[in-house]
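Quick note on labels: first sequence line is chain A, next is B, and so on, each numbered from 1.
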Amino acid sequence: MSTERPSVVTRFAPSPTGHLHIGGARTALFCWALAHGAGGSFLLRIEDTDQARSSEDSTRRILSDLAWLGIAWDQGPNFTDEAGRSLGGDPFGVAPFNQSERLSIYNEHMDRLLAAGDAYHAFETPEELDAQRKAALAEKKQYRYDRAALEILAEERAARAAGGEEHVIRFRVPDAGITVQDSVLGEVNIKPGEVDDFIIRKRDGFPTYHFAVVVDDELMGVTHVVRGQEHLANTPRHVALQKALGFRTPVYAHTPLIFNPDGSKMSKRDKDKAAREACKSKALSASPAASISDEELTTWVGDKRSQLSIEQLEDLAEHLHIGLPEINVEDFRAAGYLPEVVCNYLALLGWSPGDDIEKFDNAFLAERFSLSRIGKSNAKFDRNKLLAFNTDALADMSDEDFDRRWRAWCEAESPEIVGNLSEGQFSMLARALRPRVKTFLDAAENAAFSLIDAGAIEFDEKAVNKVLLKNDCAGLSTLAELRDALGALGSFDPESVQSGINAFAEEREFGLGKVAQPLRVAVTGSTVSPPIDLTLAVLGQDEVVARIERCLAHCESLQS
RNA sequence: GGCCCCGUCGUCUAGUCAGGUCUAGGACACCGCCCUUUCACGGCGAUAACGCGGGUUCGAAUCCCGCCGGGGUCACCA
């Protein structure tokens, strides 16, 4: 075990109370890039001091999402990613990385503060404090803890606490003003009296976030703290605590925030809203999803304040055939975005390398990243641009890579595709779809035509009319001839199909559209599909003939 | 409301620290044209911004002040 700590240590410290938010991912990415660009170390710490809300499942998901993004942590919980690479570990002997396992460490420093008179026991109940807060609000006064506990003699406070009386510990905030040096925002000055004596240890004996963060950052050798601007107001507290504890103050960098295009927060509520609107527009009377009762659905649709769980929303979305807005990293993963593209796009929100460079990978980011180039103003998340980047990345991929990665995605998200197609069919589909698809999910949706039985095709009546029935059923008779021509083909690979179609068109002096469109409608039900040669070749000769037969029969039944 | 932060095309941004080379550059979106067997891809082109008002200066997107606008935060959550 090396004792020499790196000169740059950054950390990402999520609380395992839910999913990895896309904004959190960007913070992690910046931390990672800063450390790696400087030859330092990136540390992952799990802030699970909220006993009620933390879960191991959440931790696991967060680790998995970070690994998927390619944001590898050098110190932290052990994890093996899908490629078999092992992440985490404790090369500098600073474990454990779960705050819930560090209670004795916190208490040791807590005691120092207590002994020095920089912290004190307080006995107000949450209800009492709440009442005080409300009273202050009613008088339009700013609420600050009134230090009532300090009226009690120090010995008595200690004795009551030692005697088992329920209490919290508060930090006695110095009366002086506090200056925060921020690498992004510059100097931020907080006047004396703005920060009140905040709680550093809760009734349950766990430290609050403020205390745990300060102790851990010191003990884990963290040199740079990069976090969202929502934490800016906390920083004076942390700086004051560091001073009282005799700790260094790390370099701070508060990044701008990420919002929806309309300026609202990107949150689970967006999913709620999208699903609720879909339900309303479909005027649902009964719940289509097993996880939601009819009553639950009715209440939820009618009351904007009520929320369903993410799992319920996803269940509902699946039945309604709608997409929910992506908020968490796993949403983007499920939606078929490439992790390197998500990172690239994220890096552009609030940071820029300059020189009109926009497309880059994480290695470039690490090399070029600097705190001074982080912007100050908040950004709006533009899915169009992300989508455009993803489309470009897919288009730049080799056929082999696309095939391999889309297959891996399908195995996780859309197993019926890999299950119902042969390897050869899948590869042909991949080749056909790659240039016209924006995400893996998009590809999966475009692959639908190849998965259903001939009997299950739903014909788009508009397409049938336009392509087959118009002009005295010209398209229909072409189709009948095509059935014979294609049925007679000796081999059915894309090249043979294409030359067969070309010959057919030439013979009749048709444009290719007059041939391809009737075929599209016949084999997919709609006018849209990949190039016709690949579309047909994926299906195979027998299936194509069967689908044409069925289409002819369908049209006949329409006419009689 | 108190405190704090921010303000360049619709959006992400370059340019601001060291004022002139900025008649403000790039990207995404939008619009138009071309390509085309559908849908896409692709190619070309166009529209589009320094929040407002005062200063300082020969000269301001860049410096100063005020205003307006947006955001964050005010938990025994993190």
Watson-Crick or G-U wobble partner of [N], both distances under 3.5 Å:
N	answer
B/C68	B/G7
B/C58	B/G20
B/G45	B/C31
B/G1	B/C74

Per [X] side chain, nearest of listed nucleotides [options]:
X	options	result
A/Thr527	B/U38, B/G72, B/C6	B/U38
A/Lys191	B/C3, B/A27, B/C76	B/C3
A/Arg520	B/A78, B/G71, B/U38	B/U38
A/Arg373	B/G15, B/G72, B/U37	B/G15
A/Glu230	B/C74, B/G72, B/U37	B/G72
A/Val168	B/C76, B/C39, B/U37	B/C76
A/Val188	B/C12, B/C5, B/C28	B/C5
A/Leu257	B/G71, B/U37, B/C77	B/G71
A/Asp50	B/U13, B/U37, B/C77	B/C77
A/Ser377	B/U38, B/G7, B/C5	B/G7

Report task. Calculate, to the nearest 0.5 Å, the distance between atoms CG and CD belonging to A/Leu129 and A/Glu124 respectively. Result ->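 So the gap between those two atoms works out to 5.5 Å.
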Requested in this report: Drop me the distance from A/Asn328's CG to A/His19's NE2, to the nearest 0.5 angstrom.
Outcome: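 Between A/Asn328 CG and A/His19 NE2, I get 5.5 Å after rounding to 0.5 Å.
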Nearest whole Å is fine: how far is [N] [atom2] from [X] [atom1]?
X	N	atom1	atom2	result
A/Phe381	B/G71	CZ	C1'	19 Å
A/Arg383	B/A29	CZ	P	15 Å
A/Leu232	B/C74	CG	P	12 Å
A/Leu348	B/C28	CG	P	11 Å
A/Asn390	B/C28	CG	P	14 Å
A/Asp356	B/G15	CG	P	10 Å
A/Leu387	B/C41	CG	P	10 Å
A/Arg11	B/A78	CZ	P	14 Å

Determine the Euclidean distance between corresponding [atom1] atoms of [M] and [N]; express it in Å to zero decimal places.
N	M	atom1	result
B/G19	B/A61	C1'	10 Å
B/G26	B/C65	P	33 Å
B/C67	B/G10	C1'	26 Å
B/A60	B/C50	P	16 Å
B/A48	B/C6	P	31 Å
B/G54	B/A49	C1'	22 Å
B/C68	B/G32	C1'	38 Å
B/C28	B/U23	C1'	25 Å

Query raised in the report: Which class fits the ring pair A/Phe389 and A/Tyr345: parallel under 30°, tilted 30 to 60°, perpendicular over 60°?
Result: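 Because their plane-to-plane angle is over 60°, the rings of A/Phe389 and A/Tyr345 count as perpendicular.
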Query raised in the report: With nearest nucleotides of RNA chain B determined for A/His167 and A/Asp355 from heavy-atom distances, which residue corresponds to the more 5′ nucleotide?
Result: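 Going by which nucleotide is closer to the 5' end, it is A/Asp355.
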Query - Comparing A/Thr208 and A/Glu358 on RNA chain B - which has the more 5′ nearest nucleotide - result: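 Nearest-nucleotide comparison on RNA chain B picks A/Glu358.
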Whether the side chain of [X] and the base of [N] hold a donor-acceptor pair under 3.5 Å is what I'd like checked.
X	N	value
A/Arg436	B/C41	no
A/Gln142	B/G1	yes
A/Asn234	B/A78	yes
A/Lys385	B/A27	yes

Salt bridge [X]-[Y], side-chain N to carboxylate O under 4.0 Å:
X	Y	answer
A/Glu56	A/Arg60	no
A/Lys359	A/Asp392	yes
A/Glu481	A/Arg483	no
A/Arg368	A/Asp355	yes
A/Lys134	A/Asp130	yes

Base, sugar-phosphate, or nothing: which does [X] touch, judged by heavy atoms less than 4.0 Å apart?
X	result
A/Pro14	nothing
A/Asn344	nothing
A/Pro531	base
A/Ala516	base
A/Pro261	nothing

For [N], does OP1 or OP2 lie under 4.0 Å from any side-chain N or O of [X]?
X	N	answer
A/Arg133	B/A75	yes
A/Thr49	B/A78	yes
A/Lys202	B/C77	yes
A/Arg237	B/C3	no
A/Lys438	B/C41	yes
A/Lys359	B/G26	no
A/Lys376	B/C6	yes

Requested in this report: Classify the glycosidic conformation of B/C41 as syn or anti, calling it syn when the angle lies within 90° of 0.
Outcome: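 Base orientation: syn.
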**Report entry** Cation-aromatic face contact A/Arg170/A/Tyr145, 6.0 Å, 45 degrees
**Finding:**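 Positive - A/Arg170 is close enough to the ring of A/Tyr145 and near enough to its axis.
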Requested in this report: Using the six-membered ring of A/Phe440, assess whether NZ or CZ of A/Arg405 lies under 6.0 Å from its centre and within 45 degrees of the ring axis.
Outcome: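 No.
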